[in-house]
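What follows is a short report on a single structure.
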Amino acid sequence: EAQVTQNPRYLITVTGKKLTVTCSQNMNHEYMSWYRQDPGLGLRQIYYSMNVEVTDKGDVPEGYKVSRKEKRNFPLILESPSPNQTSLYFCASSFGVKNYGYTFGSGTRLTVV
Amino acid sequence: AQTVTQSQPEMSVQEAETVTLSCTYDTSESNYYLFWYKQPPSRQMILVIRQEAYKQQNATENRFSVNFQKAAKSFSLKISDSQLGDTAMYFCAFIDSNFGNEKLTFGTGTRLTIIP
């Protein structure tokens with residue numbers, strides 16, 4: 001089944017403890033992206049990648065890192081999480097966003113205490 | 001920078017009725033693409049419909065159709081014969097046609113409830 005797989009689905013962590021949210025897609029998509037969803041703010045792009053080793057900042061990149069060492073994987077790294085990073089996170093991928101939009105993963109609910 | 005505005009935070013409608021969700025956007029580009037996404041309680045993001053700005057004809061997907069008014073920068077979603085499964089958050093999204101731009105900009109969403 002063609003899909004974007006994110007793990008974990010839920011995560012509770014403490015301030016300052018490094019964490020990684022994994023994302024993998026099996027559709028051979030070039031483009032991948034991370035969004036965060038907050039009430040009243042919609043979805044905001046954190047980082048995106050146009051291909052292996054090519055990444056760029058979105059609207060809210062502060063406090064996040066990404067890497068794209070393989071085409072299928074695009075992990076999101078929080079080096080020192082803070083409570084304001086409590087959010088719902090989505091990974092997404094596409095052959096071309098203009099023509100196909102993004103295919104989204106099922107989301108990761110992160111709580112930082 | 002492009003912005004997308006959804007002015008209706010919440011809406012509700014009786015089952016089988018027709019409902020229209022509003023979306024406006026701001027851009028100086030002449031060509032771009034617009035999308036509606038649905039997010040049911042399962043929180044999965046599902047693509048509902050896509051519209052290309054240079055196409056005059058409004059997109060339609062089964063019970064879902066759009067009213068695209070380019071001059072007014074308006075992109076509303078009409079759901080006909082609404083069903084309980086249409087209960088969800090709906091997000092409008094925009095992307096311009098510039099090469100290398102893969103940023104889909106979302107609105108703040110409209111929470112739609114279908115009442116039995």
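In the text below, chain A, chain B and the rest are named by the order of the sequence lines, each starting its count at 1.
Under a hydrophobic clustering in which Ile, Leu, Val, Met, Phe, Trp and Tyr are joined whenever their side-chain heavy atoms come within less than 4.5 Å, directly or via other members, Phe74(A) and Val21(A) fall into the same cluster. Hydrophobic clustering (ILVMFWY, side-chain heavy atoms < 4.5 Å, transitive): Tyr90(B) and Leu47(B) are in distinct clusters. Linking ILVMFWY side-chain heavy atoms closer than 4.5 Å, directly or via other members, places Val66(B) and Tyr25(B) in a single hydrophobic cluster. In this structure, Leu77(B) is not a member of the same hydrophobic cluster as Phe106(B), with clusters built from ILVMFWY side-chain heavy atoms closer than 4.5 Å. Taken together through direct or relayed side-chain contacts under 4.5 Å among Ile, Leu, Val, Met, Phe, Trp and Tyr, Leu110(A) and Val66(A) form part of one hydrophobic cluster.
Only the side chain of Tyr33(B) comes within less than 4.5 Å of a heavy atom in chain A; its backbone stays farther off. Of the two parts of Gln39(B), only the side chain, counted from C-beta on, holds a non-hydrogen atom closer than 4.5 Å to a non-hydrogen atom of chain A. Proximity to chain A involves both the backbone and the side chain of Leu104(B), based on heavy atoms less than 4.5 angstrom apart. Of the two parts of Asn31(B), neither the backbone nor the side chain holds a non-hydrogen atom closer than 4.5 Å to a non-hydrogen atom of chain A. Looking at Tyr32(B), there are no atoms closer than 4.5 Å to chain A (heavy atoms on both sides), in backbone or side chain.
Residues of residues 78-87 of chain B never come closer than 4.5 Å to chain A when only heavy atoms are counted. Close approach to chain B, defined as a heavy atom under 4.5 Å from one of its heavy atoms, is seen in Gly42(A), Leu43(A), Gln45(A), Tyr48(A), Met50(A), Asp59(A) of residues 42-63 of chain A, taken by number. Applying a 4.5 Å heavy-atom cutoff, the residues of residues 87-107 of chain A that approach chain B are Leu88(A), Phe90(A), Gly96(A), Val97(A), Lys98(A), Asn99(A), Tyr100(A), Gly101(A), Tyr102(A), Phe104(A), Gly105(A), Ser106(A), Gly107(A). Residues of residues 79-86 of chain A having a heavy atom under 4.5 Å from any heavy atom of chain B: none.
Taking chain A as the reference chain and counting heavy-atom pairs below 4.5 Å, the highest number among Lys103(B), Gln44(B), Glu102(B), Glu52(B) is found for Glu102(B).
Heavy atoms from other residues, nucleotides or ligands lying under 6.0 Å from CD of Gln57(B) number 12 at most. Within a 6.0 Å sphere centred on CD1 of Ile115(B), heavy atoms belonging to other residues, nucleotides or ligands number more than 12. Heavy atoms from other residues, nucleotides or ligands lying under 6.0 Å from CZ of Arg63(B) number more than 12.
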Just do the side-chain contact (heavy atoms from CB on, under 4.5 Å) check on Arg43(B) and Arg109(A) with the steps written out, would you?
CA-CA 10 Å; Arg43(B) 82 186 190 202; Arg109(A) 172 74 68 184; 3.8 Å; yes

